[in-house]
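Below, chains carry the letters A, B, ... as their sequence lines are ordered, and counting in each starts from 1.
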Protein chains: 2
Amino acid sequence: MATLRDVARLAGVDPSTVSRVVNGDQDLVIKEETRQRILKAVETLGYRPNAIARSLRLQRTRTIGLLVPDICNPFFPEVIRGAEAVASEAGYHVIFGNTDDDPAKERRFIDTLLAARCDGLILATAMTRDQTIEYLSEQGLPFVLVNRYTLGTDHYVVTDNLQAGREAVAHLIELGHRRIAHLAGPLFTDTGLSRLQGYRTALREAGITFHSAYVEECDFKEASGYEGARRLLQLDPRPTAIFAANDLIAIGVYRAAAEAGLRIPDDLSVVGHNDIPAATYLHPQLTTIRVPLNEMGRSSARLLVELIERGEATETPVVLKTELVVRGSTAPPRE
Amino acid sequence: MATLRDVARLAGVDPSTVSRVVNGDQDLVIKEETRQRILKAVETLGYRPNAIARSLRLQRTRTIGLLVPDICNPFFPEVIRGAEAVASEAGYHVIFGNTDDDPAKERRFIDTLLAARCDGLILATAMTRDQTIEYLSEQGLPFVLVNRYTLGTDHYVVTDNLQAGREAVAHLIELGHRRIAHLAGPLFTDTGLSRLQGYRTALREAGITFHSAYVEECDFKEASGYEGARRLLQLDPRPTAIFAANDLIAIGVYRAAAEAGLRIPDDLSVVGHNDIPAATYLHPQLTTIRVPLNEMGRSSARLLVELIERGEATETPVVLKTELVVRGSTAPPRE
DNA sequence: TTGAAAGCGGTACCAC
DNA sequence: GTGGTACCGCTTTCAA
């Protein structure tokens with residue numbers, strides 16, 4: 001592949017001149033004839049600037065990393081697309097990786113990105129007791145948290161999970177439910193924890209006693225929601241409603257309910273969280289909390305780019321609005 | 001951030017020696033004492049090799065690109081994970097991008113990757129009349145096609161889509177259906193086209209006349225499946241079964257059927273293709289063609305790495321087996 | 001308006 | 001067993 005020197009030789013000029021033309025610096029004045037000669041040489045050789053060499057020289061790669069727990073959770077593709085759109089508009093490209101919520105994997109991936117001298121990082125993987133934040137701060141790498149919050153930084157894009165959980169459960173209470181269970185997310189995540197707190201808050205406000213037997217901790221996957229729901233549905237008295245910490249867990253509830261011969265919403269009301277596309281594939285469609293997934297990705301990328309280029313972000317943290325979307329999976333209890 | 005020279009200075013050795021130690025070349029013998037001194041210097045300075053500089057020197061980035069039409073289609077996250085797993089095991093990292101099946105976007109993304117001097121490319125975006133293949137060949141960049149095939153290369157990982165379509169439709173015919181419609185994928189994709197051919201083949205083999213009114217072209221999304229199904233369900237006589245070119249389209253059929261007051265499978269049988277996780281979220285669960293998504297990703301990465309490192313691939317092309325998975329969405333026609 | 005040259009951070013060949 | 005050094009491809013300061 002042709003280099004700057006090849007072009008220079010062909011055009012009969014110095015490499016530095018080619019560089020000036022190729023980069024199209026407005027301030028520099030280049031004789032039109034020279035410019036044309038260079039442009040022609042570029043054309044004939046099919047010259048393509050080497051971004052690696054450029055990065056080395058400029059100490060800037062225009063690359064950002066994006067860590068997600070699991071791209072197969074439909075929550076994340078939407079976030080990724082949002083982030084990618086903004087990043088690429090700003091001239092950055094995104095390297096992403098799955099951590100499976102495994103700190104060792106996360107660390108390994110970050111080390112790779114550090115070696116690659118990426119310009120910044122978006123993390124959708126924060127844990128409530130997180131070592132990564134400190135590590136990144138030490139390394140001086142700009143980063144932004146998305147979705148999951150943790151202590152140690154002011155740069156994050158989240159929603160109010162406590163409020164969302166409270167609203168979800170308040171909806172069930174308004175319908176007349178009293179025996180409301182919760183399939184919590186992992187309690188090492190801020191999102192899992194806050195939604196649980198929202199659940200407890202709503203119960204307290206309604207004067208309903210909290211029973212720990214009505215809470216099961218799951219990971220954010222369908223299989224785990226299914227397992228948790230099976231346990232909840234064997235309780236006596238059985239809950240008449242379940243608030244699932246995310247939609248995948250809620251999908252697990254559907255499966256467990258079907259197996260137990262319970263109909264939704266007649267025998268069991270279900271509320272999810274996130275409003276992933278699959279929420280409307282279900283029958284009945286899932287009542288859930290709508291989260292602006294794409295906008296989350298966009299905001300986090302916007303924040304990060306600002307952080308990289310200006311050293312500080314103007315509007316941070318960002319707290320996005322969520323909204324309860326009532327569909328067919330919730331109804332008054334029958335009894 | 002510390003450099004090789006910093007380490008050398010601190011350890012009182014030459015940069016080249018540090019390089020030898022850091023890269024742990026087995027053939028070279030380094031005095032144990034020197035090695036220890038260097039390792040300690042690396043430690044105290046928190047030295048981290050600069051992958052950019054290394055890439056420039058070695059003319060190799062250990063980076064591969066992965067192009068998908070749309071990461072929000074649940075087909076792709078699984079493929080991506082498979083590819084990522086193999087790639088990272090082999091010491092490569094993956095840069096991925098969405099093309100939305102827009103050739104201009106695809107071209108732009110490839111140019112970025114070319115500038116970044118990535119070592120190779122996996123394309124899940126091939127079209128039946130594709131300019132990209134030729135372009136990449138010109139550029140001399142190793143690449144592998146996955147899922148979608150097109151002319152111009154022997155390096156691809158696919159399934160037999162014609163056979164799968166034929167099997168899906170044969171299943172419906174065996175159940176007694178005669179009025180079978182098809183919601184085809186985009187006919188600029190090999191997958192869309194081949195599944196349509198499979199549909200026609202199965203009809204022909206059963207002596208059923210092909211009616212073009214029974215075929216609607218969709219893109220591979222739920223919304224488009226819904227629209228297509230609405231049109232099909234208004235036909236007179238109405239089809240008693242639909243073969244959808246993928247599961248998302250099938251999900252659209254469910255929605256259209258529900259709106260039309262038709263029950264699945266009593267009033268309408270549905271078969272999909274791919275067996276994405278959501279196929280089992282549906283009620284009834286979707287009869288579909290299982291595609292080894294993860295393995296597709298793995299194979300394609302394996303092929304590409306081989307292509308990059310050895311200049312040729314031993315087992316290529318790869319044609320993976322699919323399998324009809326009969327679930328609750330297909331039954332004999334009632335009439 | 002253009003050229004010369006140093007240097008970004010490594011690697012590897014050639015000495016000693 | 002270790003040091004010296006040229007070079008990967010580009011940018012940028014300084015000089016002419």
I need the [atom1]-[atom2] distance between [X] and [N], as an integer number of Å.
X	N	atom1	atom2	answer
B/M1	C/dG10	CE	P	10 Å
A/L114	C/dG9	CG	C1'	16 Å
A/R60	C/dC8	CZ	P	17 Å
A/R37	C/dT1	CZ	C1'	12 Å
B/L56	C/dT11	CG	P	11 Å
B/I38	D/dT2	CD1	C1'	9 Å
A/L4	C/dA5	CG	P	17 Å
B/R9	D/dG3	CZ	C1'	16 Å

Next item on the list: Carefully, step by step, assess A/R302 and A/E89 under the rule salt bridge (Lys or Arg N to Asp or Glu O under 4.0 Å).
Entry: CA-CA 10 Å; A/R302 237 181 335 251; A/E89 223 169 287; over 6 Å; no

Under 4.0 Å, counting only non-hydrogen atoms across every strand here, what does [X] touch: a base, just sugar-phosphate, or nothing?
X	answer
A/I30	sugar-phosphate
B/R48	sugar-phosphate
B/T3	sugar-phosphate
B/L58	sugar-phosphate

Checklist line | Quiz item: A/R54 side-chain donor-acceptor pair to D/dG9 base, under 3.5 Å | finding: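 Such a pair does not exist between side chain and base.
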
Notebook entry, point to check: Could a donor-acceptor pair under 3.5 angstrom be found where the side chain of A/R20 meets the base of C/dG3?
Noted result: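 In this structure, the two groups form a donor-acceptor pair.
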
Notebook entry, point to check: Is the shortest distance from a Lys or Arg side-chain nitrogen in A/R108 or A/D102 to a carboxylate oxygen in the other one below 4.0 Å?
Noted result: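 Not counted as a salt bridge, because no side-chain N and carboxylate O are separated by less than 4.0 Å.
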
Can you tell me which nucleotide in [options] comes closest to the side chain of [X]?
X	options	value
A/R57	C/dG9, C/dG7, C/dG3	C/dG7
B/K31	D/dG1, D/dG4, C/dA6	D/dG1
B/A53	D/dG1, C/dA4, C/dG9	C/dG9

Margin query: So B/V79 and B/V68, do their side chains get closer than 4.5 Å, heavy atoms only?
Written below: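 The answer is no; the side chains never approach within 4.5 Å.
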
Check: Would a 4.5 Å heavy-atom cut-off, applied to side chains only, mark B/F109 and B/K105 as touching?
Finding: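 No, every pair of side-chain atoms sits at 4.5 Å or beyond.
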
Item checked: Toward the 5' end of DNA chain C, by each residue's nearest nucleotide, A/T34 or A/R5 ->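 Upstream on the strand: A/T34.
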
Output yes when at least one side-chain N/O atom of [X] is less than 4.0 Å from OP1 or OP2 of [N], else no.
X	N	value
A/Q59	C/dG9	yes
B/N50	C/dC8	no
B/S16	D/dT2	no
B/S19	C/dT11	yes

Notebook entry, point to check: Would you find a donor on one side and an acceptor on the other, under 3.5 Å apart, between the side chain of A/R62 and the backbone of A/G91?
Noted result: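 Yes, because the side chain of A/R62 sits within donor-acceptor range (under 3.5 Å) of the backbone of A/G91.
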
Note to self: Quick check on side chain to side chain contact (heavy atoms under 4.5 Å, CB included): which of B/I133, B/V144, B/V146 does B/L123 satisfy it with?
What the structure shows: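 That would be B/I133.
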
